[in-house]
Number of protein chains: 2
Amino acid sequence: MTAPLDLDQLQSFCAIADCGSFTEAARRVNKTQSAVSMQIKRLEERLGYPLLTRDGRSVSLTQQGEVLYSRARKMLRVNAEIIDHFSNTDLSGSIRFGVPDDYAVRLLPVILSSFQRTHAKIAVDVACMASEQLLEGMRAGRFDLIVFTQGTNHNFGELFRTEKMHWVASHGGQALATDPMPLACGPTCCIWRQEATDVLNRTGKDYRIAYTSSNATAISSAVLSDLAVGFLPESALQPGMRVVGTEYGLPKLNDAQIALMRGSHAYGGIYDALANHIVSSMGNLDSRPTMAEAAE
Amino acid sequence: MTAPLDLDQLQSFCAIADCGSFTEAARRVNKTQSAVSMQIKRLEERLGYPLLTRDGRSVSLTQQGEVLYSRARKMLRVNAEIIDHFSNTDLSGSIRFGVPDDYAVRLLPVILSSFQRTHAKIAVDVACMASEQLLEGMRAGRFDLIVFTQGTNHNFGELFRTEKMHWVASHGGQALATDPMPLACGPTCCIWRQEATDVLNRTGKDYRIAYTSSNATAISSAVLSDLAVGFLPESALQPGMRVVGTEYGLPKLNDAQIALMRGSHAYGGIYDALANHIVSSMGNLDSRPTMAEAAE
DNA sequence: TCTACATCATCAAATTGAGTGATGGGAAGT
DNA sequence: ACTTCCCATCACTCAATTTGATGATGTAGA
C-alpha cells in the first residue's frame, strides 16, 4: 500500500520537459525555481531514478523520464478534464492558436468545429504558417498555443502524434523516373526538407530541388501535376497521388512528430480545454494493451 | 492556472466508492476515519459539488460522484502503472483470485497467461464459482481479488466492463417455440436468473425453469442440445447457438455489469498489477472521443 | 420504546512537510 | 578571466493535514 504520487510534482516535471528549463517551468506553474527544483528532487527520490539530465545549459529527459512523461501527461489530461467538468462557469476567452499550414487544411476545421460545439464561448484565433515561424512567434509571445512539427532542433513540446512520411508522385507521371529526380518541398527552413535531403544525400540518390513554396497546397499541386516528387505525412495524402515505396531507390523517411507547445501563461482553463481536445481527437500515441494484444 | 487535484484525496474517494463505507475505506488507505472524512470534505469543496450521499447506513455516489469516480480510477490506474514500472524489485507473491465460472472459461486463460509473462513471480490461485459465492468468500476473507457480476444488491466494486445479454437457443431447435418456454439457468441465487425471470414475468411470457445447474458449461450444453432456452453475455456465446431477438416476444435484457472487488489489504503492489492488467485487457468502459467522433 | 452499537462530522492541537528567498557552484559565452 | 545564466542547497517560515477525542445521527435488537 504505497501512497500515490503527487500530481503537483508531475505537473512541474512535465512543465520542465515541455520547455527545457527549471526556471521557465517554475514561472508556468507559479512557483519559485527552488520549489520546482525540490519537487523534482523528491520525485526522483520517490521513483528511485534520475528523470532529468542537467548538463549545464540544457535539461533533457532521461530514458526513465520519457517513460514517466507520457504517463504523467495522461494523468494531467484527466485531471484537467475533471476540473473542466466541475467548473460550472462556462469557460470563455480567446486563444491565439497556430498550426502548420500543411497540416491545418485537412484536420483543423473538423477539430475546431467540434471544439466550438462544446465550448461556445471560447474564441480561437487561428494562424497558419510553417512550424519554424510558429515557434518563432511563440518565442515572441504572439501565440498562446501552437501545434508544430518537431524537428531535431526542437525537442521540447508535448508530443502527441506521429505519422508515417511517404514519398509521393503523381499517378502515371514521369517525374519519378527522371534523373536527377525533381523534388518539390518547402523553404530551406522546412524540417521535413532537411530530413529528406539528408537521407537522399546519404543514399547517394541524385535529385534537384525543382519546386519550392511555403504554401503546402502549392506543393501538392506540383506533385499532382507531375512537376516533381514530394514527401508528405500520411494524412496529407490526396486522391491522385501515388505513394512510392522503396522500389525507386528512395530511402525510408522518419515519422513526422507532431507536438503541442504552450506559452508560459497558457496552462489551465481554456488552454487546457483546447489542448486536451486536440490531443484526444488527434493523438495517436496512447498505446494501451487491448484485449486482442492480451490474447497474444 | 489552477492547482491539480490531490491524488491522495481521489484514492480515498475511490476506496469509499468501492466499499461503501468511510471507516472501511480509511482502513484500506491507512488513515484514520476522520482524515478520510476531511479529505472528502475538502474534495467536495474544491469541486463545488457533493460527491457522496450519506444517508445513515449506506454511502453512495451522487451523479457528480459517478463522473468523478470513473476519471479518478483512470488516474489511479496510471499512477499504479508508474509506480509498478519504477519499482525495480520484481513483484512477487501470491494472489487468491476468484472469477465467476461462466466468464472464467473463456477469457481467463488468455488474460492470466499474458499476465504471467510480464509478472512471472506472482502466483495467481484461481477459484471459479458463482458471483454470489465469490462475494461471500470475499466477505469471509478467502480472496484477495475477485471479478464478479454486479447485481442490484451489490453496488460496490470497480465496474470495468459491460456486456450485452442475449437470449440464446440452439440452431433450428424446438425449445423456443414450446409453450411454456423451457429455460436453462443458474441456481436461484444467480443474478442473471433473477433479472431474466423478472422481465419475463413483467411481460407475461409463459416459461418454466427446465434446467438448473451452477455449472455454466452444463447450461450451455442444455441450450445447444435444444433442451431449453438460455441467456448469456455476449462473450459467452458459442458456435451452434442462435441469438434470439425480440421476434419471439422475449423482452430485452439489461447489460451485464462486470466489476472487480478487493479485500481491505489488496491495494498497491501485486494486487494493483493484476487488477490493472485485468481492467486494461478486459475493460470496455474507457470511452474517450476519437478522431472519428470529433469528425462528427 | 429504550439501549447498545456503529457510522460519520467536527473540533482544537500537533506535526508534518512544502514553499520562500538568499546563497553557492558550475557551465557557457564574451 | 569575467560575466551571465541556471540549477542545487540551506535554514526558516508558514500553511495544510492528520490525529484523537467528542458529538450527532441512525440502525438493530430487546
Side-chain angles (χ1 to χ4, degrees), chain A residues 1-62 65 69 72 139 153 155-156 264 267, chain B residues 1-62 65 139 153 155-156 264 267:
Chain A
M1 177 66 237
T2 47
L5 297 171
D6 183 357
L7 271 191
D8 218 56
Q9 290 173 7
L10 295 180
Q11 190 182 48
S12 298
F13 170 72
C14 286
I16 296 172
D18 291 342
C19 65
S21 151
F22 279 58
T23 2
E24 169 59 20
R27 221 166 293 147
R28 299 191 180 192
V29 298
N30 289 323
K31 292 193 177 22
T32 59
Q33 172 264 319
S34 69
V36 170
S37 183
M38 293 179 79
Q39 282 190 314
I40 300 303
K41 187 184 171 187
R42 281 193 295 270
L43 187 59
E44 288 180 324
E45 271 168 9
R46 170 78 200 275
L47 296 178
Y49 289 92
L51 302 168
L52 299 165
T53 55
R54 305 80 155 156
D55 18 57
R57 187 60 60 186
S58 74
V59 177
S60 55
L61 292 174
T62 64
Y69 180 78
R139 247 171 267 131
N153 351 357
N155 291 314
F156 302 117
S264 316
Y267 281 83
Chain B
M1 178 66 238
T2 48
L5 296 172
D6 183 357
L7 269 191
D8 216 56
Q9 290 173 5
L10 295 181
Q11 191 183 47
S12 299
F13 170 72
C14 286
I16 296 172
D18 290 342
C19 66
S21 151
F22 278 59
T23 5
E24 169 60 21
R27 220 165 295 144
R28 299 190 182 193
V29 298
N30 291 322
K31 293 194 176 22
T32 59
Q33 172 266 319
S34 67
V36 171
S37 184
M38 299 277 265
Q39 282 190 313
I40 300 304
K41 187 183 172 188
R42 280 193 294 273
L43 187 58
E44 287 180 325
E45 272 168 10
R46 169 79 199 273
L47 296 178
Y49 290 91
L51 301 168
L52 299 165
T53 56
R54 304 81 154 157
D55 19 56
R57 184 58 59 185
S58 73
V59 177
S60 54
L61 292 174
T62 64
R139 247 172 265 132
N153 349 359
N155 291 314
F156 302 117
S264 315
Y267 281 83

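The sequence lines fix the lettering, A, B, ..., with proteins before strands; numbering per chain opens at 1.
- In this structure A:Ser37 satisfies the side chain to side chain donor-acceptor pair (under 3.5 Å) test with no other residue, sequence neighbours excluded.
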Show each protein N/O and nucleotides 15-18 of chain C N/O combination with a separation under 3.5 Å, one pair to a line.
none

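- Scanning for salt bridge (charged side-chain N to carboxylate O under 4.0 Å, His left out) contacts around B:Arg54 gives B:Glu44, with sequence neighbours left out.
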Query raised in the report: side-chain contact (heavy atoms from CB on, under 4.5 Å) between A:Leu61 and A:Leu52: does it pass, once the steps are laid out?
Result: CA-CA 5 Å; A:Leu61 292 174; A:Leu52 299 165; 3.5 Å; yes
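- Applying the ring-ring contact (aromatic ring centres under 6.0 Å, His included) test to every pair with at least one member in residues 38-58 of chain B, sequence neighbours left out, gives these pairs: A:Phe86-B:Tyr49.
- For the salt bridge (charged side-chain N to carboxylate O under 4.0 Å, His left out) test, residues two or more places apart in sequence or in another chain that qualify with A:Asp18 are A:Arg73.
- Note on residues 11-34 of chain B: no pairs pass ring-ring contact (aromatic ring centres under 6.0 Å, His included), not counting sequence neighbours.
- Protein atom CG of A:Leu51 is 16 Å distant from nucleotide atom C1' of D:dC7, rounded to whole Å.
- Residues meeting the side chain to side chain donor-acceptor pair (under 3.5 Å) test with B:Ser60, sequence neighbours left out: B:Thr53.
- Scanning for salt bridge (charged side-chain N to carboxylate O under 4.0 Å, His left out) contacts around A:Asp8 gives A:Lys31, with sequence neighbours left out.
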Report task. Using a 3.5 Å limit on both pairing distances, list the dot-bracket string of DNA chain D from the 5' end; Watson-Crick and G-U wobble pairs count, crossing pairs take [ ], interstrand pairs take |. Result -> ||||||||||||||||||||||||||||||
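- Listed by chain and residue number, B:Ser21, B:Arg27, B:Gln33 satisfy the side-chain contact (heavy atoms from CB on, under 4.5 Å) test with B:Thr23 (two or more places apart in sequence, or in another chain).
- Residues satisfying the side chain to side chain donor-acceptor pair (under 3.5 Å) test with A:Thr62, not counting sequence neighbours, are none.
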Requested in this report: Could you run through nucleotides 5-12 of chain C and give me one letter per nucleotide, 5' to 3': B if any protein heavy atom sits under 4.0 Å from the base, S if only the sugar-phosphate is that close, - if neither?
Outcome: --SBBB--
